[in-house]
Amino acid sequence: MSALGFLLKRGMDLKKLFDQMNQKHFDGELEVPILTWNSRLEVEAGRFIPPKSQWKFWKDQEPAIEMGAYLLEIDPPQAQEDQICIVLCHEMIHYWLWSRGRPYGHTEEFEEKAQQIGIAEMRIQGAVPTEKYLYECPNCLKNFKVKRRVEELACESCCQKYNKGVYDSRFCLRFVRYL
Ligand SMILES: [Zn+2]
Ligand SMILES: [Zn+2]
């Protein structure tokens with residue numbers, strides 16, 4: 001059995017954070033991309049995915065930023081917010097370079113922008129390798145394996161289905177057992 005579901009955290013609104021960072025560091029230049037938490041990201045903390053616009057029929061596809069869902073389990077809360085912010089800004093630089101038609105890898109230009117924002121020297125915490133706790137969604141009964149005791153994490157698919165994708169405490173995970 002593996003961690004199947006996606007999570008949402010109370011008070012953690014990626015779009016809001018994106019808007020704040022966009023105003024603060026990118027002059028509000030960036031359009032909101034698709035923003036998601038990806039529970040399969042462990043080695044990379046996040047990634048920027050450009051649309052495959054070179055093919056005509058995919059023209060409508062939007063750029064996306066995926067964030068490692070494990071970031072939601074970092075303790076304490078202040079450290080978690082910092083980490084999420086650093087990872088998001090890092091991916092936003094890739095996106096920003098791409099949107100200007102620049103090479104968008106870890107180029108000199110990338111480093112320059114990272115310096116300017118103040119995230120160049122900051123380390124991103126990797127995922128904790130072992131999963132110790134089994135949780136489930138009280139509604140759809142989907143299983144979630146997590147590395148720490150978690151609070152205020154809700155099942156994403158149920159929040160999508162019944163609450164327009166916004167965190168809803170009705171779908172807050174409940175502890176099942178130790179693994
Ligand atoms: Zn990168
Ligand atoms: Zn659910």
Side-chain angles (χ1 to χ4, degrees), residues 1-10 12 14 17-18 21-22 25-26 29-30 33-51 63-74 82-127 131 133-146 150-177:
M1 193 168 32
S2 63
L4 299 168
F6 286 81
L7 297 163
L8 289 180
K9 190 180 177 77
R10 179 169 163 181
M12 175 49 67
L14 267 186
L17 193 60
F18 180 92
M21 295 302 119
N22 193 16
H25 303 300
F26 301 91
E29 254 178 58
L30 300 170
I34 298 167
L35 292 163
T36 50
W37 296 101
N38 184 340
S39 60
R40 285 156 306 176
L41 287 185
E42 298 239 312
V43 181
E44 311 163 278
R47 66 178 174 193
F48 164 65
I49 306 164
I65 289 177
E66 290 185 350
M67 301 280 289
Y70 79 86
L71 293 164
L72 291 169
E73 295 172 29
I74 291 173
D82 291 348
Q83 292 282 310
I84 289 171
C85 207
I86 294 166
V87 174
L88 183 61
C89 282
H90 179 105
E91 301 313 321
M92 285 173 79
I93 299 174
H94 287 302
Y95 176 30
W96 176 74
L97 288 170
W98 173 84
S99 71
R100 300 182 143 210
R102 305 291 305 153
Y104 55 93
H106 297 130
T107 58
E108 255 175 53
E109 217 174 342
F110 183 100
E111 287 308 318
E112 221 170 88
K113 187 70 177 172
Q115 290 276 359
Q116 193 192 320
I117 294 177
I119 58 164
E121 309 299 326
M122 292 183 184
R123 276 181 53 87
I124 295 164
Q125 192 174 318
E131 293 162 313
Y133 305 101
L134 185 67
Y135 279 77
E136 71 180 4
C137 169
N139 189 55
C140 68
L141 304 181
K142 204 174 270 171
N143 281 315
F144 298 83
K145 284 175 168 183
V146 297
V150 292
E151 279 171 60
E152 300 182 334
L153 285 183
C155 170
E156 193 199 29
S157 49
C158 287
C159 293
Q160 286 292 358
K161 214 162 166 184
Y162 305 107
N163 201 34
K164 297 180 177 149
V166 177
Y167 174 93
D168 186 328
S169 58
R170 284 180 298 165
F171 312 120
C172 219
L173 304 192
R174 66 179 173 217
F175 175 68
V176 181
R177 61 180 167 83

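Remember, it's 1-based here, ligands and their atoms both numbered in the order they're listed. Side-chain atoms are counted along with the backbone in the values below, which use heavy atoms only and exclude waters and symmetry mates.
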Q: Check the Zn ion (ligand 1) and write out every protein N, O or S atom at under 2.8 Å, as residue and atom.
A: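 Under 2.8 Å from the Zn ion (ligand 1) - ignoring waters, which are not counted - the protein N, O or S atoms are His90 NE2, His94 NE2, His106 NE2.
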**Q.** Angle, SG of Cys158 through the Zn ion (ligand 2) to SG of Cys140 - 10° precision
**A.**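 It rounds to 110°.
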(Q) I'd like to know if the side chain of Tyr135 and the backbone of Val150 have a donor-acceptor N/O pair within less than 3.5 Å. (A)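 It does hold such a pair.
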(Q) Looking at every non-hydrogen atom in both residues, tell me the closest pair between Cys89 and Ile119 and how far apart they are. (A)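 Looking at all heavy atoms of both residues, the shortest contact is CB-CD1, 3.8 Å.
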Q. Between Tyr162 and Phe171, does the ring centroid distance fall short of 6.0 Å?
A.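 Centroid distance Tyr162-Phe171: below 6.0 Å, so yes.
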Q | Aromatic centroids of Phe110 and His90 separated by under 6.0 Å | A |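 Yes, they do, as the ring centres are separated by less than 6.0 Å.
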Q. Would Glu136 and Lys142 satisfy side chain to side chain contact (heavy atoms under 4.5 Å, CB included), going step by step from the backbone distance to the final call?
A. CA-CA 5 Å; Glu136 71 180 4; Lys142 204 174 270 171; over 6 Å; no
**Q.** Value rounded to 0.5 Å, distance of OH in Tyr133 from NZ in Lys145
**A.**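 Interatomic distance, Tyr133 OH to Lys145 NZ, rounded to 0.5 Å: 14.5 Å.
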Q: Could you list the residues that satisfy side chain to side chain donor-acceptor pair (under 3.5 Å) with His25, not counting sequence neighbours?
A: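 Checked His25 against side chain to side chain donor-acceptor pair (under 3.5 Å); zero matches.
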(Q) Under 2.8 Å from the Zn ion (ligand 2), is there any N, O or S atom belonging to Cys155? (A)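 Of the N, O and S atoms in Cys155, at least one lies under 2.8 Å from the Zn ion (ligand 2), which means yes.
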